[in-house]
Amino acid sequence: MKEGIFFGEGMKFVKDDYPDIYDAVVGLNKAAYTGKVLDYKTQKLIAIGIVAATGDETATEKQMRSGMNELNITKEEIVDALRVVLLTSGMPAFTKAMRLVSKL
């Protein structure tokens, strides 16, 4: 994630009307994505896998697109992450995510 940028109308509302909450979310993001041991690209691939496992197509696509745009993550790298989703979360979550990545 680029410094302090979140997508969606919900976060725009939070940023504009509840800056204290927005600042807390930005701080949490910084604490999670430290790059201390795992680089940001690896952490982003983990995030893609986790959100894909939930079956949330909107969030999965946003994670995929931001990873591709910000970090040059390839479709092949995403598919490797999704292989783990198949193993751990099953076919429905996997096929939803594969459909999304095929359209990118």
Side-chain angles (χ1 to χ4, degrees):
M1 181 195 88
K2 294 180 182 174
E3 184 79 18
I5 297 174
F6 294 90
F7 300 99
E9 287 299 313
M11 284 309 292
K12 181 182 180 327
F13 173 68
V14 171
K15 184 177 182 180
D16 292 344
D17 292 4
Y18 301 94
D20 58 325
I21 296 173
Y22 184 81
D23 291 343
V25 172
V26 170
L28 181 60
N29 188 73
K30 287 179 184 177
Y33 289 109
T34 63
K36 289 181 180 178
V37 177
L38 297 176
D39 62 29
Y40 184 31
K41 185 174 183 176
T42 302
Q43 290 177 317
K44 186 64 155 183
L45 286 164
I46 291 168
I48 290 168
I50 290 170
V51 75
T54 70
D56 183 336
E57 294 181 47
T58 301
T60 301
E61 183 176 354
K62 285 180 180 182
Q63 288 288 336
M64 288 177 180
R65 287 189 184 281
S66 69
M68 293 173 84
N69 293 334
E70 295 174 26
L71 301 165
N72 297 318
I73 291 175
T74 66
K75 287 183 181 184
E76 291 77 20
E77 289 170 319
I78 293 172
V79 170
D80 267 1
L82 296 179
R83 290 172 188 267
V84 179
V85 172
L86 173 61
L87 178 64
T88 59
S89 299
M91 188 64 74
F94 173 75
T95 55
K96 283 181 184 180
M98 288 298 288
R99 182 172 37 81
L100 293 171
V101 76
S102 73
K103 294 178 181 181
L104 297 176

Checking one residue: Ile46. Which other hydrophobic residues are in its cluster under the side-chain 4.5 Å linking rule?
Leu38, Ile50
Is any side-chain heavy atom of Val51 closer than 4.5 Å to one of Lys62?
no
Are Val79 and Glu76 packed together at the side-chain level, in the sense that at least one heavy-atom pair is separated by less than 4.5 angstrom?
no
Any pair with a residue in residues 88-98 that passes salt bridge (Lys or Arg N to Asp or Glu O under 4.0 Å), sequence neighbours left out, goes on the list, sorted by first then second residue, please.
none
Which salt bridge (Lys or Arg N to Asp or Glu O under 4.0 Å) pairs, counting each pair once, include a residue from residues 17-26, with sequence neighbours left out?
none
Cut-off 3.5 Å, no hydrogens considered: what does the side-chain donor-acceptor table look like for residues 83-91, sequence neighbours left out?
from: Arg83; atom 1: NE; to: Asp80; atom 2: OD1; distance (Å): 3.3
from: Thr88; atom 1: OG1; to: Val84; atom 2: O; distance (Å): 2.8

Between Thr74 and Glu77 the two heavy atoms that sit nearest each other are N-OE1, 2.8 Å
Search all heavy atoms of Gln63 against all heavy atoms of Ala47 and return the closest pair with its distance.
OE1-CB, 3.8 Å
With rounding to the nearest 0.5 Å, note down the distance linking [atom1] in [X] to [atom2] in [Y].
X: Ile48; Y: Leu100; atom1: CD1; atom2: CG; value: 11.0 Å
X: Asn72; Y: Lys41; atom1: CG; atom2: NZ; value: 7.0 Å
X: Glu70; Y: Lys44; atom1: CD; atom2: NZ; value: 5.5 Å

Among residues at least two apart in sequence or on other chains, which ones pass side chain to side chain donor-acceptor pair (under 3.5 Å) with Asp56?
none
Qualifying residues under side chain to side chain donor-acceptor pair (under 3.5 Å), relative to Gln43, sequence neighbours excluded
none
Test side chain to side chain contact (heavy atoms under 4.5 Å, CB included) applied to Met68 - qualifying residues, sequence neighbours left out
Lys75, Ile78, Leu104
Just jot down the side chain to side chain contact (heavy atoms under 4.5 Å, CB included) partners of Ser102, sequence neighbours excluded, or say none.
none
Under 4.0 Å between a side-chain nitrogen and a carboxylate oxygen: does that hold for Lys103 and Glu61?
no
For the pair Thr95 (side chain) and Pro92 (backbone), establish whether a donor and an acceptor sit closer than 3.5 Å, ignoring hydrogens and angles.
yes
